[in-house]
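A short worksheet on the structure shown next.
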Amino acid sequence: MTSLRSVWPAKDPEEALVAEFSYANEIQEGETIVSVSVSCSVLAGADSNPAAVLNGTPTLSGSSVLLPFHAGLDGVNYRLRCVATLSSGRILVRAANLPVRTA
């Protein structure tokens, strides 16, 4: 899954997937991603612990951030957000909406 600011297809609560947040179109020559911060919040529905959707540490792959995620509650729409700090000091943000629905 790749995103700028989009809505992803629904995932089942049992699925474990990896999101790719690509910054390739905005990173300038010589810049690299030096740190990332990720979060998950609820857009619609009820989940008292939306951070539980995050499944491990994000990893860097060139100009992309790979974020493992899983679980989620049926009927809840989540927002995954990835903030990348570049070697130049610039900060770029990507986000995506993730609906969770039982198949």
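Keep in mind that the numbers below use all heavy atoms, side chains included, and drop hydrogens, waters and symmetry copies.
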Determine whether L73 and V100 make a side-chain contact, defined as any pair of heavy atoms from C-beta on separated by less than 4.5 Å.
no
What distance do S63 atom OG and L92 atom CG have between them, rounded to the nearest 0.5 Å?
10.5 Å
Do the side chain of R94 and the main chain of S22 share a donor and acceptor less than 3.5 angstrom apart?
yes
For P13 and R101, work out which heavy atoms get closest and say how close.
CD-O, 3.8 Å
Has the side chain of N77 got a donor or acceptor atom that lies under 3.5 Å from a matching backbone atom of A44?
no
Would the distance check show the side chain of K11 and the main-chain N or O of A71 forming a donor-acceptor pair, the cut-off being under 3.5 Å?
yes
Locate the shortest heavy-atom distance separating R81 from V83; write the atom from each residue and the value.
NH1-CG2, 3.7 Å
Applying the 4.5 Å side-chain criterion to the ILVMFWY set and letting contacts propagate, would V34 and V38 be lumped into a single cluster?
no
Are any non-hydrogen side-chain atoms of F21 and V36 less than 4.5 angstrom apart?
no
Do L80 and L17 sit in one hydrophobic cluster, given that two such residues count as connected whenever their side-chain heavy atoms are within less than 4.5 Å of each other, even indirectly?
yes
If hydrophobic clusters are built by linking Ile, Leu, Val, Met, Phe, Trp and Tyr wherever their side-chain heavy atoms come under 4.5 Å apart, do F69 and L43 end up in the same one?
no
Does anything in residues 27-39 form a salt bridge (Lys or Arg N to Asp or Glu O under 4.0 Å)? List the pairs, not counting sequence neighbours.
E31-R90
Mind checking the OG-CD1 spacing from S37 to I91? Nearest 0.5 Å is all I need.
10.0 Å
Non-hydrogen atoms of P68 and P58 that approach each other most closely:
CD-CA, 4.4 Å
Please give me the minimum heavy-atom distance between D12 and A103, naming the atom from each residue.
OD2-N, 2.6 Å
In this structure, CG of D74 is separated from CG of D47 (nearest 0.5 Å) by 11.5 Å
Of all heavy-atom pairs linking S64 and I33, the shortest is N-CD1, 4.3 Å
Smallest heavy-atom separation, G72 atom then V53 atom, equals CA-CG2, 3.9 Å
Given side chains that start at C-beta, do those of Y78 and N97 come closer than 4.5 Å, heavy atoms only?
no
Does L86 reach the side chain of Y23, with side-chain heavy atoms less than 4.5 Å apart?
no
